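Take a look at the structure set out below.
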Amino acid sequence: MHGSEFGDDQLKRAMGERLRKRLEQAAEKQRPLRVYTGYDPSAPDLHLGHSITLRKLRQFQDLGHDVTVVVGTMTATIGDTSDRASGRPRKTPTETTAAAQSYGEQCFTILDREKTHVVANGDWLSGLTLTDALELASNFTVQQFLARDNYRLRIDRSEPIGLHEFFYALLQGFDAVHLEADVQLGATEQLFNILAGAKLQEAFGQPPCVALTFPILVGTNGVERMSKSRGNYVGLTEAPNEQFGKIMSVSDETMIQWLGLVTNWPHDDVVAFRYQVERGELHPMVAKKQLAHHLVSLYHGVRAADEAQAAFENTHQRGLVPDDVVQTSITFPLGLVDALVAIGAANSKSAARRLLSGGAVMVNDVKVDADDAVINSPSLIKVGPRRFFRIVGS
RNA sequence: GGGUCGGUGCCCGAGCGGCCAAUGGGAUCUGGCUGUAAACCAGACGGCUUUGCCUACGGGGGUUCAAAUCCCUCCCGGCCCA
(Lines give C-alpha, C1' and ligand atoms only; values in the text may rest on other atoms or scores of the structure.)
Protein backbone atom coordinates (compact mmCIF):
# COMPACT_ATOMS: atom_id res chain seq x y z
CA MET A 1 0.00 0.00 0.00
CA HIS A 2 2.27 2.71 -1.17
CA GLY A 3 1.08 6.22 -0.66
CA SER A 4 -1.07 5.70 2.41
CA GLU A 5 -0.10 7.65 5.46
CA PHE A 6 -1.12 8.09 9.06
CA GLY A 7 -0.47 10.49 11.87
CA ASP A 8 1.65 8.02 13.77
CA ASP A 9 3.51 4.80 13.12
CA GLN A 10 1.58 2.85 15.69
CA LEU A 11 -1.70 3.48 13.96
CA LYS A 12 -0.15 2.74 10.62
CA ARG A 13 1.12 -0.61 11.82
CA ALA A 14 -2.22 -1.43 13.38
CA MET A 15 -4.08 -0.60 10.19
CA GLY A 16 -1.59 -2.48 8.06
CA GLU A 17 -2.06 -5.49 10.28
CA ARG A 18 -5.83 -5.14 10.24
CA LEU A 19 -5.88 -4.92 6.47
CA ARG A 20 -3.65 -7.98 6.12
CA LYS A 21 -6.00 -10.01 8.31
CA ARG A 22 -9.04 -8.85 6.44
CA LEU A 23 -7.49 -9.79 3.16
CA GLU A 24 -6.64 -13.22 4.50
CA GLN A 25 -10.13 -13.75 5.81
CA ALA A 26 -11.57 -12.59 2.55
CA ALA A 27 -9.43 -15.03 0.64
CA GLU A 28 -10.41 -17.90 2.96
CA LYS A 29 -14.10 -17.25 2.77
CA GLN A 30 -13.87 -16.22 -0.85
CA ARG A 31 -15.75 -13.07 0.04
CA PRO A 32 -14.54 -9.84 -1.50
CA LEU A 33 -13.87 -6.91 0.84
CA ARG A 34 -16.36 -4.08 0.90
CA VAL A 35 -14.32 -1.00 0.20
CA TYR A 36 -15.69 2.50 0.04
CA THR A 37 -14.96 6.17 0.10
CA GLY A 38 -17.28 9.13 0.24
CA TYR A 39 -17.34 12.50 -1.44
CA ASP A 40 -19.57 15.35 -0.44
CA PRO A 41 -21.16 17.01 -3.44
CA SER A 42 -20.03 20.47 -2.40
CA ALA A 43 -18.89 21.44 -5.91
CA PRO A 44 -19.99 20.16 -9.30
CA ASP A 45 -16.70 18.63 -10.37
CA LEU A 46 -14.42 15.87 -9.22
CA HIS A 47 -10.77 16.71 -9.68
CA LEU A 48 -7.29 15.23 -9.42
CA GLY A 49 -7.52 15.42 -5.65
CA HIS A 50 -10.37 12.93 -5.75
CA SER A 51 -8.43 10.77 -8.17
CA ILE A 52 -6.06 9.65 -5.43
CA THR A 53 -8.69 7.67 -3.58
CA LEU A 54 -10.57 6.79 -6.76
CA ARG A 55 -7.50 5.17 -8.24
CA LYS A 56 -6.94 3.25 -5.04
CA LEU A 57 -10.54 2.07 -5.19
CA ARG A 58 -9.88 0.98 -8.73
CA GLN A 59 -6.99 -1.14 -7.54
CA PHE A 60 -9.24 -2.89 -5.05
CA GLN A 61 -11.78 -3.31 -7.80
CA ASP A 62 -9.28 -4.89 -10.12
CA LEU A 63 -8.38 -7.31 -7.36
CA GLY A 64 -11.99 -8.40 -7.24
CA HIS A 65 -13.21 -6.45 -4.24
CA ASP A 66 -16.57 -4.80 -3.88
CA VAL A 67 -16.33 -1.06 -4.34
CA THR A 68 -18.82 1.59 -3.31
CA VAL A 69 -18.72 5.33 -3.77
CA VAL A 70 -20.87 7.23 -1.32
CA VAL A 71 -22.08 10.60 -2.43
CA GLY A 72 -22.59 12.58 0.73
CA THR A 73 -25.95 14.13 -0.04
CA MET A 74 -26.83 14.26 3.65
CA THR A 75 -23.39 14.94 5.07
CA ALA A 76 -22.98 17.87 2.68
CA THR A 77 -25.92 19.53 4.36
CA ILE A 78 -23.73 19.69 7.45
CA GLY A 79 -20.50 20.54 5.71
CA ASP A 80 -17.27 18.83 6.69
CA THR A 81 -14.88 21.11 8.52
CA SER A 82 -12.10 18.55 8.87
CA ASP A 83 -9.88 20.34 6.43
CA ARG A 84 -10.38 23.86 7.65
CA ALA A 85 -10.19 26.02 10.71
CA SER A 86 -13.57 27.65 10.21
CA GLY A 87 -17.12 26.79 9.40
CA ARG A 88 -18.23 25.73 5.99
CA PRO A 89 -21.26 26.80 4.04
CA ARG A 90 -23.98 24.20 4.21
CA LYS A 91 -25.66 22.82 1.12
CA THR A 92 -29.35 22.48 0.63
CA PRO A 93 -30.80 19.08 -0.33
CA THR A 94 -31.67 20.42 -3.77
CA GLU A 95 -28.10 21.42 -4.44
CA THR A 96 -26.72 18.11 -3.34
CA THR A 97 -29.00 15.87 -5.36
CA ALA A 98 -28.06 17.69 -8.55
CA ALA A 99 -24.36 17.31 -7.87
CA ALA A 100 -24.81 13.73 -6.75
CA GLN A 101 -25.74 12.62 -10.20
CA SER A 102 -22.80 14.11 -11.95
CA TYR A 103 -20.45 12.78 -9.28
CA GLY A 104 -21.54 9.26 -10.02
CA GLU A 105 -20.89 9.79 -13.67
CA GLN A 106 -17.48 11.38 -13.11
CA CYS A 107 -16.33 8.51 -10.94
CA PHE A 108 -16.43 6.29 -13.96
CA THR A 109 -13.54 8.13 -15.53
CA ILE A 110 -11.56 5.94 -13.16
CA LEU A 111 -13.81 3.22 -11.80
CA ASP A 112 -15.41 0.35 -13.64
CA ARG A 113 -18.99 1.33 -14.25
CA GLU A 114 -20.21 -2.26 -14.18
CA LYS A 115 -18.66 -3.08 -10.84
CA THR A 116 -19.19 0.08 -8.84
CA HIS A 117 -22.03 0.90 -6.50
CA VAL A 118 -22.74 4.59 -6.37
CA VAL A 119 -25.06 5.45 -3.52
CA ALA A 120 -26.22 8.60 -1.76
CA ASN A 121 -26.03 8.60 2.02
CA GLY A 122 -29.19 10.68 2.25
CA ASP A 123 -30.99 7.48 1.31
CA TRP A 124 -30.32 5.94 4.70
CA LEU A 125 -29.31 8.86 6.88
CA SER A 126 -32.52 10.77 6.33
CA GLY A 127 -34.41 7.85 7.79
CA LEU A 128 -32.65 8.02 11.15
CA THR A 129 -34.82 9.07 14.04
CA LEU A 130 -33.79 11.32 16.86
CA THR A 131 -33.58 8.23 19.01
CA ASP A 132 -31.12 6.74 16.54
CA ALA A 133 -29.10 9.93 16.50
CA LEU A 134 -28.89 10.02 20.29
CA GLU A 135 -27.77 6.44 20.30
CA LEU A 136 -25.00 7.24 17.84
CA ALA A 137 -23.95 10.32 19.76
CA SER A 138 -23.68 8.42 23.03
CA ASN A 139 -20.66 6.58 21.64
CA PHE A 140 -18.51 9.69 21.78
CA THR A 141 -17.46 12.30 24.24
CA VAL A 142 -17.27 16.02 23.70
CA GLN A 143 -13.64 15.87 24.73
CA GLN A 144 -12.85 13.51 21.88
CA PHE A 145 -14.14 16.09 19.46
CA LEU A 146 -12.56 19.06 21.15
CA ALA A 147 -9.20 17.37 21.08
CA ARG A 148 -9.14 17.74 17.31
CA ASP A 149 -6.75 20.40 16.13
CA ASN A 150 -9.17 22.39 14.09
CA TYR A 151 -11.72 22.64 16.91
CA ARG A 152 -9.03 23.50 19.40
CA LEU A 153 -7.76 26.23 17.14
CA ARG A 154 -11.19 27.74 16.79
CA ILE A 155 -11.75 27.72 20.51
CA ASP A 156 -8.44 29.48 21.04
CA ARG A 157 -9.46 32.13 18.55
CA SER A 158 -12.95 32.52 19.99
CA GLU A 159 -14.40 31.44 16.70
CA PRO A 160 -17.72 29.66 16.51
CA ILE A 161 -18.13 25.92 16.32
CA GLY A 162 -21.58 24.85 15.26
CA LEU A 163 -23.17 22.09 17.29
CA HIS A 164 -24.30 20.49 14.05
CA GLU A 165 -20.67 20.05 13.04
CA PHE A 166 -20.26 17.29 15.59
CA PHE A 167 -22.87 15.28 13.77
CA TYR A 168 -20.70 15.13 10.71
CA ALA A 169 -18.45 12.41 12.08
CA LEU A 170 -21.45 10.54 13.47
CA LEU A 171 -23.24 10.46 10.16
CA GLN A 172 -20.17 9.60 8.15
CA GLY A 173 -19.49 6.95 10.73
CA PHE A 174 -22.95 5.53 10.30
CA ASP A 175 -22.28 5.18 6.58
CA ALA A 176 -19.65 2.59 7.46
CA VAL A 177 -22.18 0.77 9.63
CA HIS A 178 -24.83 0.85 6.95
CA LEU A 179 -22.45 -0.45 4.31
CA GLU A 180 -20.83 -2.94 6.68
CA ALA A 181 -17.58 -1.65 5.29
CA ASP A 182 -14.32 -3.54 5.56
CA VAL A 183 -12.16 -0.72 4.32
CA GLN A 184 -12.69 3.03 4.10
CA LEU A 185 -10.42 5.35 2.16
CA GLY A 186 -9.99 9.06 2.58
CA ALA A 187 -7.56 11.95 2.72
CA THR A 188 -5.49 12.26 5.88
CA GLU A 189 -7.79 14.74 7.54
CA GLN A 190 -10.58 12.17 7.28
CA LEU A 191 -8.89 9.89 9.80
CA PHE A 192 -11.05 11.10 12.68
CA ASN A 193 -14.26 10.57 10.74
CA ILE A 194 -13.18 7.17 9.51
CA LEU A 195 -12.19 6.02 12.96
CA ALA A 196 -15.53 7.28 14.24
CA GLY A 197 -17.08 4.91 11.72
CA ALA A 198 -14.94 2.04 12.95
CA LYS A 199 -16.02 2.75 16.48
CA LEU A 200 -19.69 2.79 15.58
CA GLN A 201 -19.29 -0.43 13.66
CA GLU A 202 -18.01 -2.07 16.83
CA ALA A 203 -20.92 -0.65 18.76
CA PHE A 204 -23.19 -2.27 16.20
CA GLY A 205 -21.42 -5.58 16.55
CA GLN A 206 -19.50 -5.31 13.31
CA PRO A 207 -15.77 -5.70 12.92
CA PRO A 208 -14.26 -2.21 12.65
CA CYS A 209 -13.25 -1.13 9.18
CA VAL A 210 -9.69 -0.57 8.10
CA ALA A 211 -8.80 3.08 7.59
CA LEU A 212 -6.58 3.96 4.67
CA THR A 213 -5.67 7.59 4.38
CA PHE A 214 -3.81 9.41 1.66
CA PRO A 215 -1.90 12.65 1.40
CA ILE A 216 -3.71 15.79 0.44
CA LEU A 217 -3.02 17.01 -3.06
CA VAL A 218 -1.92 20.61 -3.42
CA GLY A 219 -3.62 22.60 -6.12
CA THR A 220 -2.23 24.13 -9.28
CA ASN A 221 -0.88 27.10 -7.33
CA GLY A 222 1.16 24.69 -5.26
CA VAL A 223 0.11 26.04 -1.89
CA GLU A 224 -3.38 25.23 -0.76
CA ARG A 225 -5.09 21.90 -1.19
CA MET A 226 -6.77 21.37 -4.50
CA SER A 227 -10.39 22.38 -4.41
CA LYS A 228 -13.00 23.69 -6.72
CA SER A 229 -13.80 26.67 -4.54
CA ARG A 230 -10.19 27.81 -4.60
CA GLY A 231 -10.11 27.51 -8.35
CA ASN A 232 -6.83 25.64 -8.29
CA TYR A 233 -8.03 22.32 -9.56
CA VAL A 234 -7.76 20.12 -12.61
CA GLY A 235 -11.14 18.53 -13.25
CA LEU A 236 -11.37 14.88 -14.22
CA THR A 237 -13.81 15.64 -17.01
CA GLU A 238 -12.26 18.88 -18.19
CA ALA A 239 -11.31 19.20 -21.83
CA PRO A 240 -7.93 17.69 -22.77
CA ASN A 241 -6.39 21.04 -23.69
CA GLU A 242 -7.50 22.59 -20.42
CA GLN A 243 -6.08 19.73 -18.42
CA PHE A 244 -2.82 19.78 -20.31
CA GLY A 245 -2.41 23.53 -19.95
CA LYS A 246 -3.21 23.56 -16.25
CA ILE A 247 -0.77 20.79 -15.51
CA MET A 248 1.97 22.57 -17.46
CA SER A 249 1.43 25.76 -15.47
CA VAL A 250 2.19 23.99 -12.22
CA SER A 251 5.52 24.70 -10.57
CA ASP A 252 8.30 22.13 -10.81
CA GLU A 253 8.06 21.48 -7.08
CA THR A 254 4.35 20.84 -7.32
CA MET A 255 4.88 18.51 -10.25
CA ILE A 256 7.26 16.45 -8.15
CA GLN A 257 4.70 16.24 -5.37
CA TRP A 258 1.97 15.17 -7.75
CA LEU A 259 3.90 12.36 -9.39
CA GLY A 260 3.37 9.74 -6.76
CA LEU A 261 -0.19 10.71 -6.04
CA VAL A 262 -1.99 11.13 -9.33
CA THR A 263 -0.20 8.95 -11.86
CA ASN A 264 -0.62 5.28 -12.59
CA TRP A 265 3.11 4.88 -12.71
CA PRO A 266 4.61 2.14 -10.54
CA HIS A 267 6.31 3.36 -7.42
CA ASP A 268 9.79 2.54 -8.70
CA ASP A 269 9.19 4.50 -11.87
CA VAL A 270 8.10 7.53 -9.91
CA VAL A 271 11.23 7.36 -7.80
CA ALA A 272 13.38 7.03 -10.89
CA PHE A 273 11.57 9.87 -12.60
CA ARG A 274 12.10 12.17 -9.65
CA TYR A 275 15.72 11.22 -9.45
CA GLN A 276 16.25 12.02 -13.11
CA VAL A 277 14.68 15.45 -12.72
CA GLU A 278 16.68 16.20 -9.61
CA ARG A 279 19.91 15.17 -11.29
CA GLY A 280 19.17 17.37 -14.26
CA GLU A 281 19.01 14.39 -16.59
CA LEU A 282 15.40 15.11 -17.42
CA HIS A 283 14.43 18.71 -18.08
CA PRO A 284 11.56 19.73 -15.79
CA MET A 285 9.53 21.00 -18.72
CA VAL A 286 9.92 17.71 -20.60
CA ALA A 287 9.06 15.88 -17.42
CA LYS A 288 5.98 17.99 -16.95
CA LYS A 289 4.88 17.30 -20.48
CA GLN A 290 5.18 13.60 -19.80
CA LEU A 291 3.09 14.01 -16.68
CA ALA A 292 0.49 16.06 -18.49
CA HIS A 293 0.36 13.61 -21.35
CA HIS A 294 0.00 10.70 -18.98
CA LEU A 295 -2.83 12.32 -17.05
CA VAL A 296 -4.74 13.49 -20.10
CA SER A 297 -4.48 10.01 -21.58
CA LEU A 298 -5.87 8.54 -18.38
CA TYR A 299 -9.01 10.62 -18.67
CA HIS A 300 -9.39 11.11 -22.40
CA GLY A 301 -7.24 8.49 -24.08
CA VAL A 302 -3.83 8.57 -25.70
CA ARG A 303 -5.01 10.20 -28.87
CA ALA A 304 -6.55 13.14 -27.07
CA ALA A 305 -3.36 13.47 -25.06
CA ASP A 306 -1.28 13.57 -28.23
CA GLU A 307 -3.51 16.25 -29.64
CA ALA A 308 -3.48 18.26 -26.45
CA GLN A 309 0.28 18.15 -26.34
CA ALA A 310 0.53 19.19 -29.98
CA ALA A 311 -1.91 22.03 -29.39
CA PHE A 312 0.05 23.13 -26.37
CA GLU A 313 3.34 23.10 -28.20
CA ASN A 314 1.91 24.95 -31.15
CA THR A 315 0.22 27.76 -29.31
CA HIS A 316 2.56 28.25 -26.40
CA GLN A 317 5.94 27.21 -27.65
CA ARG A 318 5.74 28.03 -31.33
CA GLY A 319 3.29 30.87 -31.01
CA LEU A 320 0.92 29.47 -33.62
CA VAL A 321 -2.79 30.07 -33.64
CA PRO A 322 -4.80 27.13 -32.30
CA ASP A 323 -7.34 25.39 -34.53
CA ASP A 324 -10.32 25.79 -32.29
CA VAL A 325 -10.54 29.57 -32.12
CA VAL A 326 -13.88 30.93 -31.02
CA GLN A 327 -15.50 32.88 -33.84
CA THR A 328 -17.90 35.75 -33.35
CA SER A 329 -19.95 37.67 -35.91
CA ILE A 330 -20.20 41.40 -35.60
CA THR A 331 -21.23 44.28 -37.81
CA PHE A 332 -18.36 46.37 -39.14
CA PRO A 333 -17.18 48.89 -38.28
CA LEU A 334 -17.08 48.36 -34.53
CA GLY A 335 -14.90 50.02 -31.93
CA LEU A 336 -12.27 47.69 -30.56
CA VAL A 337 -13.44 48.28 -27.00
CA ASP A 338 -16.96 47.16 -27.87
CA ALA A 339 -15.60 44.30 -29.91
CA LEU A 340 -13.62 42.98 -26.95
CA VAL A 341 -16.79 42.94 -24.89
CA ALA A 342 -18.79 41.36 -27.72
CA ILE A 343 -16.38 38.46 -28.11
CA GLY A 344 -16.24 37.86 -24.38
CA ALA A 345 -12.63 38.91 -23.93
CA ALA A 346 -13.66 41.48 -21.35
CA ASN A 347 -16.59 41.73 -18.97
CA SER A 348 -17.01 45.46 -19.33
CA LYS A 349 -15.76 48.29 -21.44
CA SER A 350 -13.63 49.45 -18.57
CA ALA A 351 -12.03 46.04 -18.42
CA ALA A 352 -11.50 46.14 -22.17
CA ARG A 353 -9.76 49.51 -21.87
CA ARG A 354 -7.56 48.14 -19.16
CA LEU A 355 -6.49 45.26 -21.35
CA LEU A 356 -5.65 47.67 -24.13
CA SER A 357 -3.63 50.00 -21.97
CA GLY A 358 -1.84 47.01 -20.50
CA GLY A 359 -0.65 46.00 -23.91
CA ALA A 360 -2.53 42.72 -23.83
CA VAL A 361 -4.33 43.00 -27.15
CA MET A 362 -3.01 41.99 -30.55
CA VAL A 363 -5.08 42.48 -33.67
CA ASN A 364 -3.80 40.43 -36.60
CA ASP A 365 -0.42 40.09 -34.89
CA VAL A 366 -0.09 43.80 -34.26
CA LYS A 367 -0.21 45.14 -30.74
CA VAL A 368 -2.96 47.73 -30.33
CA ASP A 369 -3.20 49.88 -27.24
CA ALA A 370 -5.36 52.75 -28.48
CA ASP A 371 -8.85 52.51 -27.06
CA ASP A 372 -10.32 54.38 -30.01
CA ALA A 373 -9.19 51.75 -32.49
CA VAL A 374 -11.87 50.41 -34.79
CA ILE A 375 -12.33 46.98 -36.34
CA ASN A 376 -13.33 47.25 -40.00
CA SER A 377 -12.71 43.78 -41.34
CA PRO A 378 -12.44 40.15 -40.26
CA SER A 379 -9.65 39.90 -37.73
CA LEU A 380 -7.84 37.60 -35.41
CA ILE A 381 -7.62 39.02 -31.93
CA LYS A 382 -5.24 37.74 -29.29
CA VAL A 383 -5.79 38.76 -25.71
CA GLY A 384 -3.11 37.98 -23.18
CA PRO A 385 -0.82 35.05 -23.69
CA ARG A 386 -3.34 32.41 -24.66
CA ARG A 387 -6.77 33.66 -25.60
CA PHE A 388 -7.64 33.86 -29.27
CA PHE A 389 -10.78 35.18 -30.92
CA ARG A 390 -11.79 35.42 -34.53
CA ILE A 391 -14.10 38.17 -35.69
CA VAL A 392 -16.11 37.96 -38.88
CA GLY A 393 -18.78 40.13 -40.43
CA SER A 394 -22.39 39.17 -39.94
C1' G B 1 -32.41 37.07 29.13
C1' G B 2 -27.74 40.25 30.68
C1' G B 3 -23.05 42.16 28.95
C1' U B 4 -20.01 43.16 24.91
C1' C B 5 -18.05 43.34 19.93
C1' G B 6 -19.26 43.47 15.00
C1' G B 7 -21.75 43.54 9.63
C1' U B 8 -16.76 47.46 4.28
C1' G B 9 -15.32 45.85 -2.75
C1' C B 10 -14.31 38.18 -5.15
C1' C B 11 -12.15 36.74 0.11
C1' C B 12 -9.64 38.58 4.60
C1' G B 13 -9.43 43.15 6.61
C1' A B 14 -7.99 48.90 7.62
C1' G B 15 -10.62 53.38 7.69
C1' C B 16 -14.32 55.97 12.10
C1' G B 17 -17.05 63.54 9.39
C1' G B 18 -14.19 66.27 3.87
C1' C B 19 -7.66 64.69 1.10
C1' C B 20 -12.55 57.74 0.11
C1' A B 21 -14.27 54.15 -5.37
C1' A B 22 -12.01 53.62 0.06
C1' U B 23 -4.71 51.65 2.99
C1' G B 24 -2.86 46.59 3.27
C1' G B 25 -2.81 41.16 2.27
C1' G B 26 -4.79 37.03 -0.67
C1' A B 27 -7.12 35.58 -5.26
C1' U B 28 -7.47 37.18 -10.28
C1' C B 29 -5.82 39.80 -14.85
C1' U B 30 -1.89 42.26 -17.78
C1' G B 31 3.27 43.40 -18.88
C1' G B 32 8.63 42.03 -17.95
C1' C B 33 11.93 37.86 -17.07
C1' U B 34 11.48 32.48 -18.35
C1' G B 35 11.03 26.45 -19.86
C1' U B 36 3.44 28.68 -21.81
C1' A B 37 6.71 27.40 -15.84
C1' A B 38 7.21 28.63 -10.53
C1' A B 39 9.67 32.44 -7.85
C1' C B 40 10.66 37.52 -8.61
C1' C B 41 9.74 42.72 -10.53
C1' A B 42 6.03 46.33 -12.45
C1' G B 43 0.97 47.73 -13.33
C1' A B 44 -4.32 46.95 -13.04
C1' C B 45 -8.34 45.30 -10.24
C1' G B 46 -17.20 48.87 -9.56
C1' G B 47 -19.48 51.01 -13.97
C1' C B 48 -20.17 54.73 -17.78
C1' U B 49 -21.43 58.88 -22.89
C1' U B 50 -14.23 58.74 -18.61
C1' U B 51 -10.30 66.21 -17.38
C1' G B 52 -16.24 64.37 -15.38
C1' C B 53 -20.44 61.57 -13.79
C1' C B 54 -23.16 57.39 -11.57
C1' U B 55 -23.43 53.31 -8.14
C1' A B 56 -21.23 51.25 -3.62
C1' C B 57 -19.12 50.45 2.82
C1' G B 58 -26.10 45.21 6.21
C1' G B 59 -31.64 47.80 5.21
C1' G B 60 -34.42 52.35 6.06
C1' G B 61 -34.60 57.29 8.01
C1' G B 62 -32.06 61.69 9.98
C1' U B 63 -28.08 65.55 11.28
C1' U B 64 -24.47 68.30 8.11
C1' C B 65 -22.32 72.56 2.95
C1' A B 66 -20.20 67.36 3.28
C1' A B 67 -21.28 60.60 6.13
C1' A B 68 -18.33 54.11 5.27
C1' U B 69 -17.41 57.48 9.29
C1' C B 70 -22.27 61.03 13.88
C1' C B 71 -27.69 60.07 15.54
C1' C B 72 -32.38 57.02 15.33
C1' U B 73 -34.48 52.53 13.89
C1' C B 74 -34.80 47.70 11.82
C1' C B 75 -32.38 43.16 10.22
C1' C B 76 -28.27 39.66 10.79
C1' G B 77 -24.04 37.61 13.34
C1' G B 78 -19.67 36.55 16.97
C1' C B 79 -17.89 36.00 21.98
C1' C B 80 -18.69 35.88 27.41
C1' C B 81 -22.26 35.15 31.39
C1' A B 82 -27.11 33.03 32.81
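As a basis for the values below, the full set of heavy atoms in this structure was taken, side chains included, without hydrogen atoms, waters or symmetry mates. Every chain is numbered from 1, with letters handed out A, B, ... down the list of sequences. None of these values were measured; they are calculated from a predicted model.
- Separation of the P atoms belonging to B:G32 and B:G6 is 46 Å when rounded to the nearest angstrom.
- Checking B:A22 for Watson-Crick or G-U wobble geometry (two distances, each under 3.5 Å) identifies no partner in any strand.
- Ion pairing of A:K246 with A:E242 is absent here, as no side-chain N (NZ or NE/NH1/NH2) approaches a carboxylate O to less than 4.0 Å.
- For B:G77, the paired base is B:C5 (Watson-Crick or G-U wobble, both distances below 3.5 Å).
- In this structure, A:E189 pairs ionically with A:R225, as a charged nitrogen and a carboxylate oxygen lie closer than 4.0 Å.
- Protein atom CD1 of A:I161 is 17 Å distant from nucleotide atom C1' of B:G77, rounded to whole Å.
- The main-chain N or O of A:V337 is never found under 3.5 Å from a side-chain atom of A:R353 such that the two would form a donor-acceptor pair.
- Across the protein-nucleic acid pair, A:D371 atom CG and B:U51 atom P stand 11 Å apart, rounded to whole Å.
- Here the C1' atom of nucleotide B:U28 and the CG atom of A:N347 are 12 Å apart, to the nearest Å.
- With P as the reference atom, B:C10 and B:G58 are 13 Å apart, rounded to whole Å.
- When side chains are defined from C-beta on, A:Q309 does not count as touching A:Q290, because their heavy atoms never get closer than 4.5 Å.
- To the nearest whole angstrom, the two C1' atoms, one in B:A14 and one in B:A68, are 12 Å apart.
- Interface remark: the A:S350 side chain does form a donor-acceptor pair with the B:U50 base, using a distance-only criterion of under 3.5 Å.
- Rounded to an integer number of Å, the gap from CE of A:M362 to C1' of B:G31 is 13 Å.
- When the P atom is compared between B:A42 and B:C33, the two are found 16 Å apart, to the nearest whole Å.
- Backbone-only engagement by A:K349 is indicated by non-hydrogen atom pairs under 4.0 Å involving sugar-phosphate atoms exclusively.
- Remark: C1' of B:G31 and CZ of A:R387 are 15 Å apart, rounded to the nearest angstrom.
- Between the CG atom of A:N232 and the P atom of B:U28 there is a distance of 8 Å, rounded to whole Å.
- Applying the 4.0 Å criterion to OP1 and OP2 of B:G35, one finds that A:R318 has every side-chain N and O outside that range.
- For the P atoms, the distance linking B:G25 with B:C40 amounts to 13 Å, nearest Å.
- Spacing of C1' atoms, B:C70 relative to B:C81, comes out at 31 Å, to the nearest Å.
- One finds no side-chain N or O of A:R354 lying less than 4.0 angstrom from the OP1 or OP2 phosphate oxygen of B:G31.
- The stretch residues 249-258 of chain A comes close to RNA chain B through A:S249, A:V250, A:S251, A:D252, each having a heavy atom under 4.0 Å from the strand.
- A:L336 is listed as a side-chain neighbour of A:I381, based on a closest heavy-atom distance under 4.5 Å.
- For the atom pair CD of A:Q172 and CD of A:Q190, the computed distance is 5.0 Å after rounding to the nearest 0.5 Å.
- With B:G47, B:U30, B:G35 as the choices, the nucleotide that has an atom nearest any side-chain atom of A:S348 turns out to be B:G47.
- Here, B:C76 and B:G26 have their C1' atoms 26 Å apart, quoted to the whole Å.
- On a pure distance criterion of 3.5 Å, a polar donor-acceptor pair joins the side chain of A:R353 and the base of B:U50.
- One can place CZ of A:R386 at 10 Å from P of B:G31, the figure rounded to the nearest angstrom.
- B:G17 and B:C57 are spaced 15 Å apart, taking the C1' atom of each and rounding to whole Å.
- Comparing A:F312 and A:V341, the nucleotide of RNA chain B nearest to each residue sits closer to the 5' end for A:F312.
- Heavy atoms only, all atoms of each residue included: A:A351 and A:N347 are closest at CB-N, 4.2 Å.
- The nearest pair of heavy atoms linking A:T73 to A:A120 is OG1-CB, 3.6 Å.
- Checking A:K288 against A:G358, the closest nucleotide of RNA chain B that is more toward the 5' end is the one next to A:G358.
- Taking the charged nitrogens against the carboxylate oxygens, A:E24 and A:K21 have no contact shorter than 4.0 Å, which rules out a salt bridge.
- Both distances falling under 3.5 Å, in either a Watson-Crick or a G-U wobble arrangement, place B:A44 opposite B:U28.
- What separates CG of A:L340 from P of B:U30 is a distance of 13 Å, to the nearest Å.
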